[in-house]
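Working notes for the structure below.
The figures that follow rest on heavy atoms only: side chains count, while hydrogens, waters and symmetry mates do not. In this text the structure is predicted, and so the values were computed from the model without any measurement.
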Amino acid sequence: QVRLKESGGGSVQAGGAQRLACAASGATDDNFCMGWFRQTPGKDHEEVATIYTGGGHSPYYADSVKGRFTISHDNKEKTLYLDMNSLKPEDTAMYYCAAAFIEVYDCYSGSWSPNFRGQGTQVTVSS
């Protein structure tokens with residue numbers, strides 16, 4: 001069992017920046033798939049960014065966040081980060097940290113399904 005706990009989030013004005021963090025505990029592995037998803041009411045979950053913690057591959061980013069968001073992982077601290085810059089009102093959503101024990105090729109498929117998910121943290125961007 002893997003437990004994920006997000007921190008960060010809150011309210012920010014458009015153009016601002018925020019950092020989300022996700023601390024992983026439990027049966028983690030040095031090689032597994034982690035990512036950030038977001039959801040707004042009435043919409044499906046959107047995969048925002050994904051990284052394979054074993055390294056060796058460039059992270060995946062949704063087109064809507066490319067060039068503005070950066071995902072990273074600290075293997076020693078077992079913490080996943082999402083640095084968000086140039087935030088837009090349309091980035092407003094509940095952001096979830098997610099993880100799965102899947103192969104790297106599935107991790108970067110753009111359609112992986114998490115086995116574990118945090119409770120989420122709200123990000124609100126005002127114009």
Side-chain angles (χ1 to χ4, degrees):
Q1 184 74 11
V2 174
R3 290 175 292 278
L4 304 171
K5 183 171 178 59
E6 302 94 342
S7 60
S11 298
V12 65
Q13 287 193 326
Q18 277 193 341
R19 170 175 254 204
L20 304 182
C22 172
S25 61
T28 59
D29 193 295
D30 287 339
N31 295 284
F32 71 131
C33 187
M34 294 192 77
W36 292 94
F37 289 74
R38 65 187 181 185
Q39 186 174 28
T40 54
K43 292 186 178 181
D44 290 335
H45 280 94
E46 177 187 15
E47 181 184 356
V48 176
T50 294
I51 192 168
Y52 194 73
T53 63
H57 299 269
S58 298
Y60 163 88
Y61 294 98
D63 288 341
S64 57
V65 306
K66 278 181 182 177
R68 300 187 298 120
F69 290 13
T70 302
I71 188 172
S72 60
H73 182 260
D74 185 326
N75 280 350
K76 182 178 180 182
E77 298 297 327
K78 297 186 185 295
T79 301
L80 182 74
Y81 298 99
L82 184 68
D83 288 295
M84 305 183 292
N85 295 293
S86 302
L87 282 161
K88 304 175 181 180
E90 50 264 44
D91 293 318
T92 295
M94 182 69 78
Y95 284 72
Y96 298 91
C97 173
F101 291 107
I102 55 178
E103 296 297 323
V104 59
Y105 301 108
D106 293 322
C107 181
Y108 290 118
S109 66
S111 60
W112 66 283
S113 296
N115 299 128
F116 310 101
R117 199 180 80 166
Q119 291 189 329
T121 183
Q122 178 69 34
V123 173
T124 302
V125 185
S126 58
S127 57

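To the nearest 0.5 angstrom, T121 atom OG1 is 7.5 Å from M94 atom CE. We find the CZ-CD distance between F116 and Q1 to be 5.0 Å, quoted to the nearest 0.5 Å.
Y60 pairs by the ring pair (Phe, Tyr, Trp, His ring centres under 6.0 Å) definition with nothing, not counting sequence neighbours. Checked against side chain to side chain contact (heavy atoms under 4.5 Å, CB included), S11 has the following partners two or more places apart in sequence or in another chain: T124. By the salt bridge (charged side-chain N to carboxylate O under 4.0 Å, His left out) test, R117 is found to be paired with no residue, residues two or more places apart in sequence or in another chain being considered. In this structure, the side chain to side chain contact (heavy atoms under 4.5 Å, CB included) partners of D106, at least two apart in sequence or on a different chain, are I102, E103. Residues passing the side chain to side chain donor-acceptor pair (under 3.5 Å) test with T70: none are found, sequence neighbours excluded. In this structure, the side chain to side chain contact (heavy atoms under 4.5 Å, CB included) partners of S7, at least two apart in sequence or on a different chain, are A21. Under the side chain to side chain donor-acceptor pair (under 3.5 Å) criterion, K66 pairs with D63, sequence neighbours left out. Contacts of E90 classified as side chain to side chain contact (heavy atoms under 4.5 Å, CB included), with partners at least two apart in sequence or in another chain: K88.
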Q: Kindly indicate, with the supporting measurements, whether the criterion side chain to side chain contact (heavy atoms under 4.5 Å, CB included) is fulfilled by F69 and L87.
A: CA-CA 9 Å; F69 290 13; L87 282 161; 3.8 Å; yes
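Residue pairs meeting the ring-ring contact (aromatic ring centres under 6.0 Å, His included) criterion with at least one partner in residues 2-31, sequence neighbours excluded, are absent. Screening residues 15-50 for ring-ring contact (aromatic ring centres under 6.0 Å, His included) gives F32-F101, F37-W112, H45-Y96 as the qualifying pairs, with residues at least two apart or on separate chains. Among pairs with a residue in residues 80-127, those fulfilling disulfide (SG to SG under 2.5 Å) read C22-C97, C33-C107, at least two apart in sequence or across chains. Among residues at least two apart or in separate chains, salt bridge (charged side-chain N to carboxylate O under 4.0 Å, His left out) pairs with a member in residues 32-46 are R38-E46, R38-D91.
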